[in-house]
Amino acid sequence: MSCCAPGAEMALEVAAAASAPLSSEEIKLASRSLGGDMRQTDLSVPTVHCAACIQAIEAALGRVENIESARVNLSTKRVSVRWHGDSVPPFFAVLGRLGYQAHLFDPEIHEKDRTLSELIRAVAVAGFAAGNIMLLSVSVWSGAEGATRDLFHWLSALIAIPALAFAGGIFFRSAANALRHGRMNMDVPIAVGVSLAYAMSLYETINHGEHAYFDASVSLLFFLLIGRTLDHVMRERARTAVNGLSRLASRGSLVLRDDGTREYLPVAELVPGLRLLVVAGERIPVDGDIVSGNSDLDCSIVSGESAPKAVGAGAHVQAGTLNLTGPLTMLATAAAKDSFLAEMVRLMEAAEGGRSRYRRIADRVSALYAPVVHLAAFATFLGWMAASGDWHRAITIAIAVLIITCPCALGLAVPIVQVVAARRLFEAGVMVKEGSAMERLAAIDTAVFDKTGTLTLGRPKLVNASSIDPTMLAIAAGMAAHSRHPFSRAIASYAGYSSQSSVGSVTEHPGFGIEAITGGSTWRLGRRGWAGWKARTGGEGKLGGYDGTVLSKNGNIVACFAFEDSLRQDAKAAVRQLKDTGLSVDMLSGDTANACGEVAKSLGIESFVPALLPSGKVEWIEALTRAGHKVLMVGDGLNDTPALRAAHVSMAPATAADIGRQAADFVFLRESLLAVPLAVDVSRKAGRLIRQNIAVAIAYNALAVPIAVLGHVTPLIAAIAMSASSLIVIANAMRLQGMAKAAPEGAPARCRSDVLDAARP
Amino acid sequence: MTTLVYLIPVALFLGALGLSGFLWALRSGQYEDLDGAAERILIEPDNRP
C-alpha cells in the first residue's frame, strides 16, 4: 500500500479473502468494447482512498503497454482502464505490485445512473424556480399592488411552467402509474394538489386576483424532490458498495477439445459432455464428474459444510464449489442453467417472501390519508357553496385546504429518517438495499442464522497450537505457506510467532498434503494415512473438530493438528444482544449435528437444526412465518439464498455468494457480527421516529385544516406552514444521529417446540 | 416600476446562468467523483503522463 492506514472509513476486510488470479480470457469476457479494438475494463479497488493512491495507480497503469488511459474514481472506488490490442494488459499484476487488490467489475452493472441525474436536474430546476418565485411572492406579500402584482404573478406563472413540467413530471408519472393499477400512493395527493394550485393561481392571475399559490406549488415540489433524491442516493451507494465486492461465480471455463485445443467459453455456453479444466483457485463452473486429478474442494458456500472435501477421479462435483489445491479435469454433466446454482435461483424465485406482500408505511398512510384530504377539500367546497353561493370563493378555499394538507411533511417524514438511519448503518459497515428493509427489520421477532460463514467464518483455526512443539510448528508453518488449503493457511498463520525456518523443495500432493525434503529428511504435512505411512496408529487421539492432519518426519508422526471452524468475531455478543432485545435466535445449517452442536453450545443458542437441505431451510422459515413470526434470516451460502428470499427480511455478510448478496436486504462488510444487533437497533429507532414524524405531520394538519376550511389561509400562511412542518420533521429525524444506545430490556426466548412440530412432519 | 423592467430580467438572467452552469457541470461529469476531485488537487501535474 502506498499510502495511509488502509480501509479507514470502510474496512473491507473481507476483500482480502482469497481471490485467485483471473485468467485473461475471463477479463476479456468482462470487458466492454468501445468500438475499434478499444476495450474498457472496470475494476473495483476497495482500498484506494487518497491522492497518493490515485496517482500511483494512474501512473503505473498508464506506463503499461497497450493501456490507453486509466482513471480512478475515488467515490466509487473503481478504476476504469481503456486498452487495445488482443492480449489483455496485466492490470491485476500491476495493481498487486502496488499493494492494491482489485476485483473485476461487471459491465452490465456499470450502466450510468440515469435516475439520479434526472432527480438532481429536477432538484436544480425546482430549486431555481422556487427561489425566484419566492422572491417575487415576498414582494407581493410586502405590499406590491395593482399592475406590479399582476406582473409578478405572471412572471411566477412563467417560471413555474418548466418546474412543473420537468420536476413535477416525476410525481405525475408515479401518480398516474399508481392510479392505473388501482393503488394509492403519496404521489397522488401531491400531483393533485400541485396541479390544482397552479390552475387556480393562473385563473386568479388572469382575473387580477390577490392570492396566487405559485410559490406553494413549486416549493412543495422542491422539498419533496430533496427527500426523494436523498433516498435514491442512499440506495445507490449501498448498491455500488455491494456490487463492488468480488464475484464468487466463475464467468467461464477452459474447455479441452478432443483435438487437444483449449478454448475459453462463457459459462452460459457450456453444455454437458464438454471436458473442462479447472485449475486450483477457480470455482467449478457447472455440475460434473471428475475425469482426472486430485484436489480438495471448499464446499462451504454451497452446502454449509465447513471441512474441505478431498475429491479424485469419478467424484461428482457441484457448481460453485472452490477448487483449492490441484488442477482437475472434469466432464460437464449439466449446463449452467441446470446446475446447482440455477437450482438455487429457481428455489429463490419460488420462495414467496414477506417482502412481496409488505406495503411500506408511507404507502399505507397515504392510502388512508389521500381520500380523507380529498374528501375534506370537497366537503369544504360544498359547505362554502351552500353558505355563500359564491363558487369562486368556494373553489379558492377548497384548493387552499388541499395545499395546506399537501403531504409535504408526510412525504419527507419517512425518507429523511431512513436516509439518516442508513447513513448511520453505512458508517458501521452495513449496507441497506432499500428503505422498506428497515421497516421490515424493525418488526421481526425471530432471528435465524446460518452456521458456516455466518456465525463462523468458514475458515478453520488451529486449536491445539499450544500443545505442539514450537520447532515442529515452525516447520509446519513454513511448509504450509506454500499451499492454498484452508488447513495450511491456518497453520501458516502461526509462522510469525516462531522463528521462520527455511524449508527445502516443497511439493503439494492435491488431496493428500504437502511434502518437503530438507537435510535428507522427508517431511510431510497432511492426511494421517498419507503423511504417517509408517505409523499404524497415531500417537495422539482425535482432538475434536477436524481430525487427521499430522506432520511427519520420514513417515513418523511428530505432531498432530486439530482444527475448529473459528467463530465470527463478536458472534457470542451479537447473539446475546439479540436475545436481550427479546428476539429468539435459531440456527439452521447444512453441516453435521456434531459440528452444529458445538457452535450452538459455545454461542448459547438453544435451538438449532442440522443437516438441512436448501429447501429444508425455506420450509423451516415458512413454518415459522405460518406460526405468526416475523423472521430475520442471516446467511451467506448459496444454500441459504432461497431462505434469504423467503424470510421477512434478510442479511448477508459481504463474503456471501453473489446471488446471496443480491437477495439480502442488508449486507454487512465488516467481520464482526455485531452488525446484526446494530441494524435491528437502528431500524427499531428509525421505525419509532417515522411514526413520530407521521404523527407530527398529521397533528399539524389537524391544526391547519380548520383554519383553511374557515377560509383564513393566505399564500403567506401556506408557505410558512409548509416550510415549518418540513423543518420539524427533518429536525426530528436528525435526532437519530445523536440518540444514545438505550439499554435493551430483557425478555426470555420463547419455546420453539410448536414450530419444530410444524416444520418436521 | 421602470426599474423593475430591467432589474427583474437581470435577476432572472443571473439565476438562469447559475442553473445552466450547474446543469452543464452535472452533464460534463464533474459530480461523478467528488471525493476524487478533492484529492486530485494534491497531485502534481508534471507527474501525470
Side-chain angles (χ1 to χ4, degrees), chain A residues 3 9 48-56 58-64 67-80 112-113 116-133 135-136 139 144 146-148 151-152 154-156 158-159 162-163 166 233, chain B:
Chain A
C3 63
E9 47 197 83
V48 269
H49 75 286
C50 67
C53 303
I54 297 177
Q55 194 178 15
E58 288 185 354
L61 284 177
R63 275 196 298 273
V64 178
I67 290 187
E68 201 75 10
S69 68
R71 178 91 185 168
V72 177
N73 186 325
L74 192 63
S75 311
T76 50
K77 316 243 181 242
R78 251 179 267 166
V79 183
S80 35
K112 244 186 121 185
D113 189 356
L116 181 64
S117 21
E118 192 194 343
L119 276 172
I120 291 182
R121 268 202 297 276
V123 169
V125 171
F128 164 80
N132 282 292
I133 293 176
L135 201 77
L136 296 166
S139 318
T148 319
L151 172 69
F152 285 0
W154 275 115
L155 276 172
S156 303
L158 278 180
I159 299 170
F166 198 76
V233 167
Chain B
M1 189 69 193
T2 43
T3 47
L4 290 178
V5 169
Y6 61 87
L7 274 183
I8 287 177
V10 164
L12 287 179
F13 172 73
L14 289 178
L17 205 65
L19 178 66
S20 53
F22 175 75
L23 291 179
W24 165 77
L26 194 68
R27 193 158 305 147
S28 66
Q30 296 188 33
Y31 288 88
E32 296 205 339
D33 184 14
L34 292 174
D35 299 342
E39 297 281 352
R40 271 175 202 277
I41 196 164
L42 301 170
I43 301 176
E44 285 281 346
D46 297 344
N47 298 349
R48 302 279 309 280

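All values below come from the heavy atoms of this structure, side chains included, with hydrogens, waters and symmetry mates left out. The sequence lines fix the lettering, A, B, ..., with proteins before strands; numbering per chain opens at 1.
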Interatomic distance, CG@B:Leu23 vs OG@A:Ser117, rounded to 0.5 Å, equals 11.0 Å
Is it true that atom CG of B:Leu14 has more than 12 heavy atoms of other residues, nucleotides or ligands lying nearer than 6.0 Å?
yes
Do you know the tightest heavy-atom contact between B:Leu42 and A:Ala51?
CB-CB, 3.9 Å
Can you tell which part of A:Asn132 gets under 4.5 Å to a heavy atom of chain B, answering side chain, backbone, both or neither?
side chain
From B:Leu17 CG over to A:Phe128 CZ, what is the distance, rounded to the nearest 0.5 angstrom?
10.0 Å
Which atom of B:Leu19 lies closest to which atom of A:Val125, heavy atoms considered:
CD1-N, 3.9 Å
Please flag which part of B:Ala38 lies under 4.5 Å from any non-hydrogen atom of chain A: side chain, backbone, both or neither.
neither
For residues B:Arg40 and A:Gln55, determine if any side-chain heavy atom of one lies less than 4.5 Å from a side-chain heavy atom of the other.
no
B:Leu12 portion near chain A, given a 4.5 angstrom heavy-atom threshold:
both
